[in-house]
Amino acid sequence: MRITNEQNDIASVLVSEEEIRARVAEIGAALTEEYQDKMPLVVCVLKGASFFYTDLCRAMKCHLFMDFIAVSSYGAEARSSGVVRIIKDLDTSITGRHVIIVEDIIDSGLTLKHLTELLSSRKPLSIKTVSLLDKQARHDPELAADVTGFNIPDEFVVGYGLDYASFYRNLPYIGVLKREAYEN
Ligand code: PRP
């Protein structure tokens with residue numbers, strides 16, 4: 001096991017704790033307004049979205065339900081085939097309900113696209129997608145989430161839920177990983 005201080009592997013902070021807090025509060029306020037009387041089911045896509053999800057739910061000042069889904073991480077070829085394999089499904093039915101899907105990052109955009117298609121087939125009243133981060137340069141504009149926290153450059157980012165080899169998720173900010181941290 002490598003003994004390291006995670007902070008030493010970070011080249012720069014891309015989005016600070018303060019910036020995250022402020023943006024989460026903004027998005028939470030907008031969703032509060034929109035969903036005041038709708039009792040939405042807010043869905044966390046495990047594991048990357050976990051910190052954003054819990055902070056966002058706390059920033060929503062309305063009745064809501066929480067549920068969690070985990071999908072498989074396929075290689076690019078399998079992802080583009082249009083398949084999302086459910087590792088852990090939602091505990092509750094979404095038919096006739098307002099659903100908000102919460103993601104940490106849109107990279108190729110295919111995970112969110114396929115997940116949205118899958119959940120749409122269950123006949124919810126509505127689906128809104130929210131992603132903390134978006135690497136716009138990596139995908140077709142139409143694959144962006146309905147709500148984006150921050151558009152970011154195509155850098156190797158970790159922290160606030162995002163990992164590299166399961167590490168760095170617990171960093172409180174979004175940082176750019178040093179090249180030597182993933183090339184060695
Ligand atoms: C990451 C992220 C998104 C997806 C984005 O999940 O959380 O779900 O990849 O990539 P895409 O836009 O190219 O589809 P990952 O499979 O790494 O799992 P994790 O959330 O458990 O880290």
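- Rounding to the nearest 0.5 Å gives a distance of 8.5 Å between CZ of R122 and OG1 of T95.
- A donor-acceptor pair under 3.5 Å is absent between the side-chain atoms of K61 and the main chain of A29, judged by distance alone.
- A heavy-atom distance below 4.5 Å is not found between the side chains of T148 and Q136.
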Applying side-chain contact (heavy atoms from CB on, under 4.5 Å), run through E6 and N170 and close with a yes or a no.
CA-CA 9 Å; E6 289 193 306; N170 58 323; 2.8 Å; yes

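- At least one side-chain heavy atom of L119 sits less than 4.5 Å from a side-chain heavy atom of L90.
- L177 and I174 fall into different hydrophobic clusters, defined by Ile, Leu, Val, Met, Phe, Trp and Tyr side-chain heavy atoms under 4.5 Å apart, directly or through other members.
- Atom CD1 of I27 is separated from atom CG of L132 by 7.0 Å, given to the nearest 0.5 angstrom.
- Without hydrogens or angle criteria, K128 side chain to D146 main chain gives no donor-acceptor distance under 3.5 Å.
- Residue D163 comes nearest to A165 through the heavy atom pair OD2-N, 3.7 Å, listed as atom of the first residue, atom of the second, then distance.
- In this structure, A25 and A59 approach most closely via the heavy-atom pair CA-CB, 4.4 Å.
- Taking 4.5 Å as the limit, every side-chain heavy atom of K38 sits out of range of all side-chain heavy atoms of L125.
- Distance CD/E34 to NE2/H98: 9.5 Å, rounded to 0.5 Å.
- The closest donor-acceptor contact from the side chain of D67 to the backbone of D91 lies under 3.5 Å.
- Put simply, the side chain of I100 reaches to within 4.5 Å of the side chain of M60, judged on heavy atoms.
- By the neighbour-count criterion of 12 heavy atoms within 6.0 Å, atom CD of Q36 is densely surrounded, having more than that number from other residues, nucleotides or ligands.
- Going from atom CD1 of I69 over to atom CD1 of I86 covers 3.5 Å, rounded to the nearest 0.5 Å.
- When the side chain to side chain contact (heavy atoms under 4.5 Å, CB included) test is applied to R58, the partners found at least two apart in sequence or on another chain are T54, D55.
- In the hydrophobic cluster analysis, where Ile, Leu, Val, Met, Phe, Trp and Tyr join through side-chain heavy atoms closer than 4.5 angstrom, I10 is grouped together with F167.
- More than 12 heavy atoms of other shown residues, nucleotides or ligands fall within 6.0 angstrom of atom CE in M66.
- At least one donor-acceptor pair under 3.5 Å links the side chain of R23 to the backbone N or O of G149.
- To the nearest 0.5 Å, the span separating CD1 on I20 from OH on Y160 amounts to 5.5 Å.
- Here the CD1-OG distance, from I94 to S120, works out to 7.5 Å after rounding to the nearest 0.5 Å.
- Note on V99 and L56: separate hydrophobic clusters, where clusters join Ile, Leu, Val, Met, Phe, Trp and Tyr whose side-chain heavy atoms are under 4.5 Å apart, directly or indirectly.
- Few gaps surround CD on E18; more than 12 heavy atoms of other groups in view lie less than 6.0 Å from it.
- Take D140 and apply the salt bridge (charged side-chain N to carboxylate O under 4.0 Å, His left out) test, not counting sequence neighbours, and it matches no residue.
- Contact check for D104 versus F52: no side-chain heavy atoms found under the 4.5 Å cut-off.
- Under the 3.5 Å distance criterion, the side-chain polar atoms of K178 are matched with a main-chain donor or acceptor of N8.
- Between K47 and S50, the closest heavy-atom pair is O-OG, 2.9 Å.
- A side chain to side chain contact (heavy atoms under 4.5 Å, CB included) with L41 is found for exactly one of I127, I101, T92, namely T92.
- Under the 4.5 Å side-chain heavy-atom criterion for Ile, Leu, Val, Met, Phe, Trp and Tyr, V102 and I152 are members of the same hydrophobic cluster.
- Closest approach of F51 and G161 over heavy atoms only: CD1-N, 3.4 Å.
- In this structure, the side chains of L64 and Y35 stay at 4.5 Å or more apart for every pair of heavy atoms.
- More than 12 non-hydrogen atoms from other residues, nucleotides or ligands lie less than 6.0 angstrom from NZ of K135.
- Residues F150 and I106 are members of separate hydrophobic clusters, defined by side-chain heavy-atom contacts under 4.5 angstrom among Ile, Leu, Val, Met, Phe, Trp and Tyr.
- A donor-acceptor contact shorter than 3.5 Å links the side chain of Y53 to the backbone of V42.
- L112 places none of its side-chain heavy atoms less than 4.5 Å from the side chain of V45.
- A 4.5 Å side-chain heavy-atom check between Q7 and Y173 finds at least one atom pair inside the cut-off.
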